[in-house]
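Have a look at the structure below before the remarks.
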Amino acid sequence: MKCVKKIFIGAIGLLIGLSSCSDEFLKDKKDYNNMTTVNVFSDKTQATAVFATIYKQILSRYNSPLCGSDPLMRQAQSTGGNQHVFSEEMTGWKGSNYSGAITKNVKAGNHIGNPPYWNDPRNNTSNFNNYTRWTLFPNVYLINNYIIEIDRSRSLIADEEFWNNLKGQAIFARAWLYFDATREWGGFPYYCTEVDMPEMNDRSLRMPIQECIDKICADFENAAKLLPAKWDGDNYGRFTSVAALAMAARARVFMASPIFNANWDDTSSKRWQAALDASLTALAAADAAGHGTNVTDIESWDKAFYNYNGTFNPEAIITVLMNDESMISGTFNKWEEKIRPSAIAYNDGAGIPAPDEILKAFPMKDGKPAIAENGYDDDKFYRNRDPRFYRTFAFSGCEWPGIANKQLWLFAYKFSDSDGNMYRYTDGKKGDGGAQGKSRAIVWKMTNPNILQGAEATSGTDIMEYRYGELLLNVAECYAAQGKASECLQYLGRIRSRVGISNTNNYGLGNISDRYQLIKAVLNERQVELAYEGKRPWDLKRWLLFEGGAGFDPNIGGGYNSATGEYDPVASWGAGWKIYDGKDGRPEYSRVNNVLTKLGMKPLSGTKHTSKIWGYDLDNVHAVPEYIESEVNHPLVGNELLNAVPAIKKDMNEADRNLAFDKLERLCEGVGIKTYDPIEKMGHKYGMESGSKETDQNFLFAWRGWYYIYPIHYDMYDPAKGNSWIEQTAGWMIENRTPSCLTVDEQNGTYYYCTPEE
């Protein structure tokens with residue numbers, strides 16, 4: 001049993017202290033609410049255990065990689081249905097806020113639900129310091145008080161290293177919370193010293209974004225001076241100096257990106273140079289501490305996600321520890337529960353179907369793009385792909401790791417004509433609805449083969465929140481933005497060489513010299529290397545990849561029809577409110593001149609997720625039972641050609657995998673399994689982001705330009721709360737009402753987060 005996990009995550013109550021790591025730890029619990037400061041801070045174990053409440057508050061809801069790196073921020077932090085996961089990786093773009101419809105949430109400051117993140121209303125004394133409300137400032141106050149008590153108590157224990165380590169962790173936690181707040185909501189008042197804790201009538205203004213990021217990075221850098229580069233034994237998982245420097249690098253890269261930096265397109269940008277300096281510093285510290293040494297091929301790359309529970313993982317810069325015993329109340333890794341379909345886990349789930357957009361983002365075996373000119377065959381999408389493809393996606397014929405002698409089959413078949421055409425799918429999800437929104441592949445990246453069936457919801461697999469590969473990509477991105485091609489390609493090559501792509505023509509990248517193409521190559525590599533790790537949504541936001549900074553408004557430009565849900569996506573692009581508006585030192589972007597057009601990329605706004613499926617004899621009915629004694633059933637059970645397909649395993653060598661593919665293709669040819677567009681063959685009901693209703697069929701994703709940074713909740717502006725002095729985020733409305741959506745004048749927020757360099 002890992003004692004550290006009981007301290008960080010498995011705490012019961014608000015403050016838990018462990019005087020030992022015995023199984024009797026609950027009996028050792030002291031009621032710190034009734035203890036004096038001297039009682040707590042005169043004993044190392046007690047003083048350390050008190051800080052467990054900070055770790056618990058920040059990390060206890062971090063239950064899967066999809067949570068990304070904002071553990072306190074998200075309003076819906078379960079592994080499914082997260083409103084913030086917007087990327088080509090995931091379905092789930094559909095929703096009234098993103099359809100073109102006119103609602104309060106489209107422009108008003110209630111886009112994010114209660115509680116308002118900044119703080120509960122300032123005159124509500126019961127919630128002002130209630131950190132269980134998942135708001136920013138109560139947690140900052142808790143951390144700052146802890147720092148104050150550390151410095152007051154140093155005379156109680158003569159061990160400066162001990163006190164410094166505690167203080168470093170507290171400063172790190174504060175900086176992390178502020179960074180997540182800043183990249184979601186923009187600048188906040190930054191209370192970071194022992195003497196600037198605000199009174200109830202405090203009227204501190206929102207900080208300029210550069211100043212806020214500077215303070216965040218200063219906190220991380222100060223924390224790095226107080227923390228060890230590594231923790232050993234039971235302390236593994238605590239924040240380190242390497243993690244602090246890496247977080248400073250992440251913050252600097254965010255600051256240099258187009259979302260905050262009106263000078264992003266300048267090769268001499270001070271912010272890109274600051275990001276490069278911070279990234280190289282963090283990388284050097286990581287190397288010195290022994291990070292980055294375990295990933296040398298695709299097998300070690302895969303094992304880095306699950307094979308180091310509770311022990312030093314050289315790939316992991318920040319590890320989020322999970323409980324490893326199901327009888328302990330606390331947080332578990334729910335990833336396995338999310339990705340295992342019913343055919344494997346005997347639940348009623350379908351795993352995570354992979355849209356075509358992400359399947360095609362992965363390159364070919366030689367590193368070249370997956371296009372026909374490079375040998376890509378869409379009917380045989382699994383052939384000759386990047387080694388990471390086979391460790392990220394499962395498809396028909398694959399055997400789930402750790403569940404022997406059970407192959408996964410993913411194809412549709414017709415089971416009834418009684419109520420129109422009704423279809424089922426072989427992933428084990430029951431009923432006609434089980435065939436809706438499916439793909440030829442599902443996600444199995446980061447699956448732990450040691451998690452038994454039935455234990456998916458209580459997995460103790462640790463999560464790599466920040467890893468060495470991201471550091472390499474940060475450096476590559478900074479060099480790309482500066483137009484330094486050789487340096488950029490060197491670091492992209494390091495990413496690809498680690499997974500076994502051969503060094504032919506720069507690992508398949510070619511001799512790129514154009515700065516915009518370098519940036520595009522880095523963003524593509526991030527999409528592949530970090531797929532399903534919760535990082536892609538942040539890349540989409542900081543690079544404005546939804547609409548390029550040119551604006552997107554289905555009502556002002558696209559002729560949105562509320563009855564049918566139709567609008568013109570081309571005319572919508574470049575219409576309405578935009579952050580790059582030609583004011584205050586920002587260039588003015590349009591449909592033909594914006595971030596996306598410079599990078600040679602298309603907008604995601606005005607599109608939808610798509611997929612193809614495999615279908616078996618879809619013109620004829622196969623009325624087979626769905627389940628027989630808990631076994632998934634389908635029309636080809638017992639088929640000789642199907643039984644002849646060897647189990648396609650994650651760790652298969654290339655020769656054996658290709659032989660299995662040969663037999664898989666013989667099966668498809670022999671029984672007539674074909675590739676279909678589900679909408680064209682089966683109807684709109686079965687499309688990945690479609691449906692039976694006309695408005696569902698016409699749905700296109702509408703990410704407006706003001707969605708990049710979220711609003712302050714309208715409750716904060718209620719006259720009864722006395723907060724009218726707070727600036728609303730630019731592009732959002734202060735009023736809680738339904739807007740006309742026909743003019744940008746209603747969007748009266750005045751806090752601008754995209755700024756030029758000084």
Side-chain angles (χ1 to χ4, degrees), residues 86 98 106-107 182-187 206 208-210 212-213 253-272 275 477 480-481 515-516 519-520 523 537-558 569-606 701-711 727-733 741 743-758:
F86 294 117
Y98 308 98
V106 170
K107 288 187 178 180
T182 300
R183 63 180 179 170
E184 284 270 39
W185 270 264
R206 299 181 71 177
I209 199 72
Q210 179 69 67
C212 206
I213 292 292
V253 169
F254 218 97
M255 187 65 225
S257 303
I259 190 172
F260 289 156
N261 186 12
N263 296 92
W264 74 270
D265 202 20
D266 183 352
T267 56
S268 61
S269 164
K270 298 175 183 178
R271 293 173 181 171
W272 279 121
E477 182 174 334
R515 183 165 61 95
Y516 298 131
I519 295 171
K520 181 180 178 180
L523 292 174
W538 294 117
D539 289 349
L540 297 180
K541 290 183 76 171
R542 65 189 179 86
W543 274 96
L544 312 181
L545 297 185
F546 294 111
E547 46 75 67
F552 189 89
D553 198 313
N555 291 279
I556 292 179
V570 176
S572 300
W573 191 24
W577 189 91
K578 55 189 176 183
I579 190 66
Y580 277 90
D581 54 6
K583 301 176 183 177
D584 300 325
R586 294 180 295 273
E588 184 168 11
Y589 283 166
S590 66
R591 186 190 309 167
V592 296
N593 178 34
N594 56 72
V595 174
L596 289 169
T597 57
K598 291 173 185 291
L599 300 183
M601 300 173 70
K602 297 179 180 180
L604 295 179
S605 292
F701 180 61
W703 178 277
R704 282 82 166 187
W706 55 96
Y707 286 176
Y708 288 107
I709 297 294
Y710 288 119
E727 284 185 284
Q728 176 60 292
T729 307
W732 293 93
M733 296 169 57
C741 286
T743 173
V744 299
D745 295 337
E746 296 171 292
Q747 294 161 280
N748 51 7
T750 58
Y751 179 84
Y752 277 81
Y753 49 87
C754 182
T755 62
E757 297 179 1
E758 295 181 357

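Note that CZ of F701 and OG of S605 are 6.0 Å apart. Values are rounded to the nearest 0.5 Å. With rounding to the nearest 0.5 angstrom, the OG1 atom of T597 is 8.0 Å from the CG atom of L599. Between K107 atom NZ and N748 atom CG the span is 10.5 Å, to the nearest 0.5 Å. Taking OG of S269 as the start and CE of M255 as the end, the distance is 9.0 Å to the nearest 0.5 Å. Distance check, rounded to the nearest 0.5 Å: CG of L544 to CZ of F552 gives 15.0 Å. The CG atom of N261 lies 11.5 Å from the CD1 atom of I213; values are rounded to the nearest 0.5 Å.
Between D581 and K578, the shortest heavy-atom distance links the atoms CB-O, 3.6 Å. For the pair S572 and P554, the tightest heavy-atom approach, listed with the atom from each and the gap, is OG-CA, 3.3 Å. Across all non-hydrogen atoms, the minimal contact from W543 to P258 is CE3-CG, 3.4 Å. The shortest heavy-atom contact between G585 and A262 is O-CB, 4.0 Å. Nearest approach of T755 to I209, heavy atoms of both residues: OG1-CG2, 3.7 Å. When every heavy atom of C754 is checked against every heavy atom of I259, the shortest pair comes out as CB-O, 3.4 Å.
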Intermediate values then yes/no, side chain to side chain contact (heavy atoms under 4.5 Å, CB included), I709 and I579 | CA-CA 10 Å; I709 297 294; I579 190 66; over 6 Å; no
Show your working on ring pair (Phe, Tyr, Trp, His ring centres under 6.0 Å) between F546 and Y707 and close with a plain yes or no.
-> CA-CA 10 Å; F546 294 111; Y707 286 176; 9.1 Å; no
Could you please spell out the steps behind the ring pair (Phe, Tyr, Trp, His ring centres under 6.0 Å) verdict for W264 and W272?
-> CA-CA 8 Å; W264 74 270; W272 279 121; 8.2 Å; no
Stepwise side chain to side chain contact (heavy atoms under 4.5 Å, CB included) check, E477 with V253 | CA-CA 8 Å; E477 182 174 334; V253 169; 3.8 Å; yes
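Using modelled atom types and a 3.5 Å distance limit, the side chains of Y516 and D265 yield a donor-acceptor pair. Judged purely by distance below 3.5 Å, without hydrogens or angles, the side chains of S257 and R183 never pair a donor atom with an acceptor atom.
Side chain of K541 to backbone of Y708: a donor-acceptor contact under 3.5 angstrom is found. Under the 3.5 Å distance criterion, the side-chain polar atoms of N594 are matched with a main-chain donor or acceptor of R591. Distance alone, capped at 3.5 Å, places no donor-acceptor pair between the N593 side chain and the Y589 backbone. A distance-only check finds no donor-acceptor pair linking the side chain of W703 to the backbone of L604 [under 3.5 Å]. A distance-only check finds a donor-acceptor pair linking the side chain of D553 to the backbone of I556 [under 3.5 Å]. The main-chain N or O of Y710 is found under 3.5 Å from a side-chain atom of T729 such that the two form a donor-acceptor pair. Using modelled atom types, one side-chain atom of E757 and one backbone atom of R271 make a donor-acceptor pair closer than 3.5 Å. Side chain of Q747 to main chain of G731: a donor-acceptor pair is present (N/O by atom type, distance under 3.5 Å, no hydrogens or angles).
Aromatic ring orientation, W732 versus W706: perpendicular (interplanar angle above 60°, classes split at 30° and 60°). Ring geometry, W538 versus F254: the interplanar angle exceeds 60°, so the pair is classed perpendicular (tilted spans 30 to 60°).
In this structure, the side chains of Y751 and Q728 stay at 4.5 Å or more apart for every pair of heavy atoms.
For the pair R704 and W577, the NZ or CZ position fails the cation-pi test of under 6.0 Å to the six-membered ring centre and within 45 degrees of the ring normal.
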